[in-house]
K.L.:
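Dropping a structure here in structure tokens format, bear with me for questions.
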Amino acid sequence: MNAHRIIIEFAQIAVVLALSPVFIGWVRMLKCWTQGRTTAGLFQPYRDISKLFAKEVVLAENASWIFRFTPYLVFAVTVLAGGIIPILSAHLPLSATADVIVLVALFAIARFFTALAGMDIGTAFGGMGSSREMTIASLAEPAMLMAIFTISLAAQSTSLSRIVQVIYTAGPVLKPSIAFAFIAFILISLAETGRIPVDNPATHLELTMIHEAMILEYSGRHLALIEWAGMMKTLLFMALGATLFFPWGIDATDTVSGASLAFVFLIIKLAGAGVVLVLIETGLAKMRLFRLTEFLGSAFLMATLGMLSFFILE
Amino acid sequence: MSFSPLDLAAISVAVMLLLAPAAAVSGSRTPLMVTICFMLAAIGSLLGAYAGAMAVASGSVGSAVLAVGLPDLPFHMRLDPLSGFFMTVVGLLSFIVSIYSIGYVKAIAKHRPVTRLIAFYALFIAGMFMVILADDALFFLVSWEIMAAASYFLVLFEDERIENRRAAFLYMVVAHVGAIAILLSFGVLAGIATVPAAGLGLAGADPAGFTAFRGYTFDAMRHANVTPGWATAAFLLAFFGFGAKAGIIPLHVWLPEAHPVAPSNVSALMSGVMLKTAIYGILRVTFDLVRVFPWWWGALVLVMGLVSAVIGALFAMMQGDLKRLLAWSSVENVGIILIGTGLAMIYASFNSPVLASLALIAALYHCLNHAMFKGLLFMGAGSVLHATGERDMDRMGGLIHKMRWTAPLFLVGCVSISGLPPFNGFVSEWLTFQAFLLSPAIPNQIIRLLIPMGAALLALTAALAGAAFVKAFGVTFLGHARTPGIGAAHDSSRTMKLAMALAAALCLALGVLPSVVIDWMDSVPQQLTGSSISGSAGAFGWMWLTPVASERASYSGAATFLVILLVTAVVWLLLRVRAGSIRRAAIWDCGFEKLTPRMQYTSASFAMPIRRIFSFAFGVRERVKLVPQAAHRAFPSRIQYAIRISDRFWMWLYRPIVDASFWAARLAGMLQQGRIRSYLIYSFVTIIVLLLFLK
Amino acid sequence: MNLALAAQINSFLAALVLVTAFGMLVQKRVYGLIHLFAWQGFFLSLNTAIVGYVAGKHHLYISSVLTLSIKVFVLPYILHVLVNRLKIRRDVETVVNIPRTMLIGIALVIFSYHLTSPVRELSTLVTRSTLAVALATVMIGLLMMITRTHAVTQIIGFLALENGLFFAATSATYGMPLVVELGVALDVLIAAFIFGIFFFQIHAAFDSLNVDQMARLKEGE
């Protein structure tokens, strides 16, 4: 194993850690602009997180070790996911530990424990959030895996770096299966990262919140970790979409300079992804919980059509 | 003196068989006797597991003819890699559960006699071992009946409750319908296997042919020349029979009734390993006895597996009774095992032995995993039941504060069964997904396209199982106690904790070291499909699992586990250095100030969104009763909510059968006159008619 | 334009036609439905032009233009006028719920793939793989007519079905003879007019366009 690969690996994790609050800041800024408000600046999420780290933790009377353990676990799992996805280079050493199915399962761990933490404190909100989150997950996960399997079938591999290499070398071709998978992936990303129209990250209204309901009782450094992990998850989904469907610009040469160039491309891609995200979020209204079956059903339909057209048309 | 694996297996069966009458005679009322009996059972099981593991590791085949049996029809025994693998699974879980039983049964012994429990427990394990070791149809069916009868009496252990008697009766009926199908299936195979040996004419007519009758041995069936039509008949009968035992939908109705009402150590064995004997039977008949089969057999198994998995997961999500939830989840997991089996059969029928062995490994691995985590979960549920006297989750809550050891161990089981890395459930699901994704290798275009659609259903199953076990753990162990009685709960005894810790450790080990395990069990697909995957699966050392090829897919449970552990520890330590104080405060109540534990989400409310979305799968009856206040109708003084979720298969499939059999019984009942002379007339007429036919 | 690229574009357009078919299957609003129908016609006409170019069959250009003018402009316009005159602006109700309709649709796609596999093995045309999609479009059109209760949506389902047939002809044999295509186009146009007249009649007689009302025509109730 080469030393520079390990350097790139650590650099990528550092990039994910550092860039995720900026990305969220960018999305919030864009949102403010579209809605005609003044912005809090690109780096406001940093200030939020550092403030939370400094604050004392107020723990619910009934909270058990699960509640205290969950933020660390969620954070660790997200960092691991950040080390696996080929964002800067297609030759990451950690990429071999986990393929794309493991990646989905890693996010499932975070969700599983967050849902448990929601139930741990024993309020109605926590249970409501957990119940809804697990419901959405059980509808989103088949669609997610279908979308991913379509790409895996095309690349004949579930290994992320392999998929990226295959698509990279094939060059931009018009493949209906990949296009369908991409649309499905966008829809599922909205559900998985808790954006409008599935969940509203900015709301604390009792009846509509999902993710926020589970983490309502968190405070101090626990909340900071959860929030940071949430930001990383959003960034990772955007980066995953960018790297799977538009890998051009990623470092395929396996050098440090290539990775630094990939960083520049990454910023451009993320800026674009932020614009798309904000356009979707501004254009849509949050859906009723039971309309979500139709939303996620369309995502599943798209993914399935992708898989069908892989067999039928290609 | 050295023993072959087969000798060791025989000794372990003998220990179990002797233990049953010994326990019955000794009375075993004192705690000491309970300890000794279960220690012996543990040793016997471990011996069986060891023998099986040796047979799998060496890939050797040992067989023997026993002196017992019917005249001229001796019992045959055989330990090959396939039976060795299932011996290991059964033995390992029986070992753990026997340790657990020491503490568990001692607690039961305080208020009721347990002699029956111990005797049938030993007989039950012996029956399972014998089913796996049997190498002829006769011995197989005798062992099958011993296993079924012993488990029937175990289900009936608390026979004062009417629901237990009802469940046990249902179990016995389905088990026997299944056994008849298996008997017929073996009959078909044995009949064909006999014909060449007996030469001309009827097999049984010639006395010389009868003494040389070998058609009932599996060995003769293996070498028989079965025509496709008869092979299909034999397979369908066997699949029906074993499916009834495995709880495949729609033959599952007994499972969620019988498993929960048995004592928890028995539930653990029934769900964890007894279902696996049915899987063993399916594998034995298809891959070993019939060997050549068309692809649609595999497709049938695959579809039944998918249906069982999804419906099982949905119903598990709906249950409010902890042990019923676990029982339904067994239906789901048997489905997952059958998915792997079906894929293996499809690939094998298209002459892709490498892919078939991958799918087979996935199925077998899930067998092993399911035994471990379902055993663990049932033991945990037993501890909860023992501590609280409750099975209804909606009356529990907050047990994590009372049961400091059981809670984390139960959590390990929940995480494993939900298929989350780095635990074991994920490995087998991952392998099954890989098997799904290899479908483009199949020449048939439409099957190639249909198989990946099944992967979506498996994903749905996994996600629903995750939701069900968040509910199971969250409602039982987290939050506040919902009823005051829960406050007195205590953690379980030392042996119970030890057994659960052992199972949890195995769950982790099987998840972290998959290549080692696959390397060990690789002789099984070698025997059944003639190909193995260990060459590629462990090509990069013990840490990396790379089925097929490293660029195709790779997974390292160990690395995943270590990185998660490392980052968690580092972050925790970093934040520890500059830790702000932690203050405990009341939960936020929106200024309402009157929060009660009853306002928590219950299991019914947790399942509500999924119940509504998948409402087509259940028969749901909801009833809301308002008791209006005298002063104003708008403010009810009491509100009562009742929900009943019924299994539609019962209404559609079983109800008509039950009604028809009652009708037939009433019709036959008209024969009953109560007069001796009428009965004599019946006998007389029967004899006359028979003589007329035989003329 | 080389053959590989043409085949790629062809299959991509086929995928888009399939998407619009599914979109119509699940779309609840009448205007959305009409727009989707227009888009489907547009993809179809583009595809016909490309096939005409690749195969060197120049009469396909004429059918392409014909498709464009009738199915993208004239028919949607007529439907627009109808909907405006009849004042149907509410959501269109569906009989079977949407996720289940989608699943049936997917099953139909798989079924038509299975049906067309012998043709796919015999044919040598560039467009042979899109035949399954064409057949699926026909079936989805029929499914749409079954699952909808509204007369206007049934007509759109019928027109989508016709689109599928046209598509099948293009992909299986590089289009029907020009005379036939002209005739079919005229038929569709006239059918649309007749349907329009019928709608007004039905509307006047039943005060509704729900076809379930037709059950009242039965005698003796």
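Residue numbers begin at 1 in each chain, while the letters A, B, ... track the order of the sequences.
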K.L.:
Crowded around C:F158 CZ? As in, over 12 foreign heavy atoms under 6.0 Å?
P.N.:
no
K.L.:
Checking side chain to side chain contact (heavy atoms under 4.5 Å, CB included) for the pair C:M102/A:E294: CA distance, chi angles, key distance, verdict?
P.N.:
CA-CA 10 Å; C:M102 282 183 191; A:E294 288 167 26; 5.9 Å; no
K.L.:
Give the minimum heavy-atom separation between A:I312 and C:A132, together with the two atoms involved.
P.N.:
CG2-CB, 3.9 Å
K.L.:
Which residues in residues 14-23 of chain C have a heavy atom less than 4.5 Å from any heavy atom of chain A?
P.N.:
C:A14, C:A15, C:L18, C:V19, C:F22
K.L.:
Less than 4.5 Å to any heavy atom of chain A: does that hold for the side chain of C:L103, its backbone, both, or neither?
P.N.:
side chain
K.L.:
With a 6.0 Å cut-off (strictly less than), is the heavy-atom count around CD of A:E212, excluding the residue itself, greater than 12?
P.N.:
yes
K.L.:
Please list, in residue-number order, every residue in residues 297-311 of chain A that has a heavy atom less than 4.5 Å from any heavy atom of chain C; write 'none' if there are none.
P.N.:
A:G297, A:S298, A:F300, A:L301, A:M302, A:T304, A:L305, A:L308, A:F311
K.L.:
Does C:Y77 OH have over 12 foreign heavy atoms under 6.0 Å away?
P.N.:
no
